[in-house]
Peer 1: 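I am attaching a structure below and will ask some questions about it afterwards.
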Amino acid sequence: MSTPNILLITKGHPFDFNAFFEIFDAIDVNWTHVEQPAARIFFSSSQAKNYDAFVMYDMPGISFGSDGPSFEEPDLHYKEALIELLENGQGMVFLHHAIAGWPAWEEYAEIIGGRFLYVADELRGSECADSGYRHKVSHMLQVVKDHPITAELPANFSMTDELYLSEVFDDSIEPLLTSSYNFTRDNFYSAKRAINGKMFDNEGWEHDDGSNVVAWIKHYGQSPIAYLQGGDDQEAYSNCHYRQLIENSIHWVASQAAHDWARARG
């Protein structure tokens with residue numbers, strides 16, 4: 001296929017701008033960058049038609065203050081516009097902390113296929129603990145599905161990156177990659193304690209064992225969707241396999257094959 005045009009959306013979580021954008025200069029995409037909340041105007045059929053894929057590295061709907069986080073629910077117009085895009089087949093790639101976006105809107109978690117929780121909350125009718133994080137984890141990733149997104153990757157490869165102990169909706173995703181890391185409470189720190197000023201702490205925090213799936217595909221409406229848990233810092237950004245994953249994910253969600261796949265499931 002021809003080089004896809006993508007809208008790259010950021011804001012809501014700190015990151016190294018220059019190192020992150022180097023990824024998109026190095027891979028086969030034409031990219032336009034926009035930050036939240038200005039990005040919301042692009043969530044309409046008239047604006048989105050100019051882009052083959054949206055790449056989400058944002059974390060909207062959360063503000064952090066001295067009293068803890070506050071959550072904003074998107075307005076009805078934005079919700080309806082996003083759902084309409086997905087019903088019409090807009091390809092989406094979500095990266096890393098994007099899984100924490102719009103925490104006051106549960107349907108956003110269904111779109112992505114899971115959620116990172118900064119505080120304990122109800123999700124899918126069950127009470128869930130705040131999620132866990134761990135920076136600079138050196139781990140092995142294993143390809144578990146032969147797919148265009150995993151094409152040209154070795155069957156196993158290493159990365160050093162941040163990992164999450166978070167909610168993954170196993171019933172609505174198709175795993176692409178798993179991690180060798182042990183996703184248990186003792187190997188992670190509490191997100192709630194971090195935002196309360198106690199970084200790298202899990203004292204008194206309890207969390208069930210989590211999924212080791214770190215990349216997946218799914219559909220929502222008629223849209224093909226990919227999520228990659230990786231992508232915290234420059235060490236991850238510069239990993240050639242991570243860059244290949246991003247390029248492959250964009251090309252796949254923009255492809256006719258992906259749209260046919262999603263439409264057959266929608």
Side-chain angles (χ1 to χ4, degrees), residues 3-43 47-48 50-65 69-72 74 78 82 90-103 108 112 115-116 118 131 133-139 141 149 158-164 166 189 191 194-195 199-200 214-215 225-251 253-254:
T3 300
N5 297 315
I6 68 167
L7 188 68
L8 179 59
I9 300 173
T10 68
K11 201 64 181 288
H13 192 289
F15 66 97
D16 184 329
F17 275 55
N18 291 335
F20 180 68
F21 293 141
E22 281 178 9
I23 297 173
F24 300 91
D25 286 333
I27 65 176
D28 181 29
V29 297
N30 298 317
W31 61 281
T32 300
H33 173 237
V34 63
E35 292 186 336
Q36 293 283 15
R40 299 180 200 181
I41 67 171
F42 290 89
F43 286 81
Q47 294 289 336
N50 299 312
Y51 303 100
D52 300 301
F54 283 15
V55 179
M56 317 291 285
Y57 193 63
D58 59 345
M59 207 170 71
I62 309 176
S63 299
F64 296 97
S70 59
F71 301 148
E72 171 197 0
Y78 176 85
L82 175 54
Q90 180 65 53
M92 298 269 186
V93 178
F94 293 89
L95 302 176
H96 196 50
H97 51 250
I99 200 169
W102 293 122
Y108 200 67
I112 298 175
R115 170 155 289 164
F116 183 96
Y118 275 95
S131 296
Y133 67 96
R134 185 71 179 254
H135 295 106
K136 294 294 185 183
V137 176
S138 295
H139 64 123
L141 292 90
I149 291 178
S158 63
M159 281 190 68
T160 299
D161 202 356
E162 182 183 20
L163 293 177
Y164 296 149
S166 58
Y189 303 118
I195 60 178
M199 291 290 294
F200 315 121
V214 291
I225 291 168
Y227 173 72
L228 308 178
Q229 190 181 114
D232 179 58
D233 61 15
Q234 185 171 3
E235 188 167 7
Y237 303 157
S238 63
N239 185 295
C240 63
H241 301 309
Y242 181 65
R243 291 187 175 193
Q244 187 71 63
L245 273 170
I246 292 178
E247 181 174 329
N248 289 355
S249 296
I250 293 168
H251 278 253
V253 302

Peer 1: Report, one line per pair, each donor and acceptor closer than 3.5 Å where one atom sits in a side chain of residues 53-64; sequence neighbours left out.
Peer 2:
from  : atom 1 : to     : atom 2 : distance (Å)
Tyr57 : OH     : Gly231 : O      : 2.6
Tyr57 : OH     : Tyr237 : OH     : 2.8
Asp58 : OD2    : Gln36  : NE2    : 2.9

Peer 1: Could you check whether any side-chain heavy atom of Ile149 comes within less than 4.5 Å of a side-chain heavy atom of Leu245, counting everything from C-beta outward?
Peer 2: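 The answer is yes; the side chains approach within 4.5 Å.
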Peer 1: Would you say Gln47 and Ile41 make side-chain contact, with heavy atoms under 4.5 Å?
Peer 2: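 Gln47 vs Ile41: side chains apart.
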Peer 1: Supply the atom-to-atom distance Gln229 CD to Leu141 CG, rounded to the nearest 0.5 angstrom.
Peer 2: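 Atom-to-atom, Gln229:CD and Leu141:CG are 9.5 Å apart.
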Peer 1: Go through the structure and list residues passing salt bridge (Lys or Arg N to Asp or Glu O under 4.0 Å) with Glu35, not counting sequence neighbours.
Peer 2: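 Partners of Glu35 by the salt bridge (Lys or Arg N to Asp or Glu O under 4.0 Å) criterion, ordered by chain and then number, come out as Lys11.
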Peer 1: Locate the shortest heavy-atom distance separating Phe24 from Ile246; write the atom from each residue and the value.
Peer 2: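 Here Phe24 and Ile246 meet closest at CE2-CG2, 3.9 Å.
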Peer 1: Check ring pair (Phe, Tyr, Trp, His ring centres under 6.0 Å) between Tyr242 and all other residues, then give those that pass, not counting sequence neighbours.
Peer 2: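 Expected list: none.
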Peer 1: Might you point out which heavy atoms bring Ala215 and Leu228 nearest each other, and give the distance in Å?
Peer 2: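 Reported closest heavy-atom pair: CB-CD2, 3.7 Å.
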Peer 1: Got a second to check how far Tyr51's OH is from Met92's CE, nearest 0.5 Å?
Peer 2: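 The CE atom of Met92 is 13.0 Å from OH of Tyr51, to the nearest 0.5 Å.
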Peer 1: Once salt bridge (charged side-chain N to carboxylate O under 4.0 Å, His left out) is applied, what residue pairs with a partner in residues 237-246 remain, sequence neighbours excluded?
Peer 2: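 The answer is none; no pair qualifies.
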Peer 1: Within the side chain of His251, is there an N or O that forms a donor-acceptor pair under 3.5 Å with the backbone of Asp28?
Peer 2: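 The answer is yes, because a donor-acceptor pair under 3.5 Å joins these two groups.
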Peer 1: Measuring from Ile27:CD1 to Ser249:OG, what's the distance to the nearest 0.5 Å?
Peer 2: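 Here the rounded value is 9.0 Å.
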Peer 1: Test of understanding: with side chain to side chain contact (heavy atoms under 4.5 Å, CB included), list the residues that count as partners of Asp161, not counting sequence neighbours.
Peer 2: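 In terms of side chain to side chain contact (heavy atoms under 4.5 Å, CB included), with neighbours along the sequence ignored, Asp161 is linked to Met159, Asp232, Ala236.
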Peer 1: Checking Asp25 now: which residues fulfil side chain to side chain donor-acceptor pair (under 3.5 Å) with it, not counting sequence neighbours?
Peer 2: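 Expected list: Trp31.
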Peer 1: What I'd like to find out is whether the side chain of Leu95 reaches to under 4.5 Å of the side chain of Phe20, using heavy atoms alone.
Peer 2: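 The answer is yes, as the side chains (C-beta and beyond) meet within the 4.5 Å cut-off.
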Peer 1: Check whether Arg115 reaches the backbone of Ser131 with its side chain - one donor and one acceptor, N or O, closer than 3.5 Å.
Peer 2: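 A pair under 3.5 Å: no.
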Peer 1: Quick check, are the ring centers of Phe94 and Tyr227 under 6.0 angstrom apart?
Peer 2: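 No, too far apart.
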Peer 1: Using the ring of each side chain (for Trp, its six-membered ring), is Phe21 parallel, tilted or perpendicular to Phe17, with breaks at 30° and 60°?
Peer 2: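 Rings of Phe21 and Phe17: perpendicular, over 60°.
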Peer 1: Once side chain to side chain donor-acceptor pair (under 3.5 Å) is applied, do any residues pair with Asn5, and if so which ones, sequence neighbours excluded?
Peer 2: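 For Asn5 the side chain to side chain donor-acceptor pair (under 3.5 Å) partners, ignoring immediate neighbours, are Asn30.
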Peer 1: Name all residues meeting the side chain to side chain donor-acceptor pair (under 3.5 Å) criterion together with Tyr164; count only those two or more places apart in sequence or in a different chain, and write none if there are none.
Peer 2: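 Partners of Tyr164 under the side chain to side chain donor-acceptor pair (under 3.5 Å) test: His96.
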Peer 1: Residues two or more places apart in sequence or in another chain: which of them pass side chain to side chain contact (heavy atoms under 4.5 Å, CB included) with Thr160?
Peer 2: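 Here the qualifying residues are Lys136, Ser138, Glu235.
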Peer 1: Could you tell me which residues satisfy salt bridge (Lys or Arg N to Asp or Glu O under 4.0 Å) with Arg40, sequence neighbours excluded, listed by chain and number?
Peer 2: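 Expected list: Glu72.
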Peer 1: Does anything in residues 12-24 form a side chain to side chain donor-acceptor pair (under 3.5 Å)? List the pairs, not counting sequence neighbours.
Peer 2: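 For residues 12-24, and leaving out neighbouring residues, there are no side chain to side chain donor-acceptor pair (under 3.5 Å) pairs at all.
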Peer 1: If you take all heavy atoms of Tyr108 and Gly101, which pair is closest and at what distance?
Peer 2: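 Where Tyr108 meets Gly101 most closely, the heavy atoms are CD2-O, 3.2 Å.
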Peer 1: Could you tell me which residues satisfy side chain to side chain donor-acceptor pair (under 3.5 Å) with Asn239, sequence neighbours excluded, listed by chain and number?
Peer 2: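 Asn239 satisfies side chain to side chain donor-acceptor pair (under 3.5 Å) with no other residue.
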Peer 1: Could you give the distance from CZ (Phe200) to NE2 (His135), rounded to the nearest 0.5 Å?
Peer 2: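 One finds 6.0 Å between CZ of Phe200 and NE2 of His135.
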Peer 1: Might you point out which heavy atoms bring Ile9 and Ala39 nearest each other, and give the distance in Å?
Peer 2: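 What the structure gives for the nearest pair is CG2-CB, 3.7 Å.
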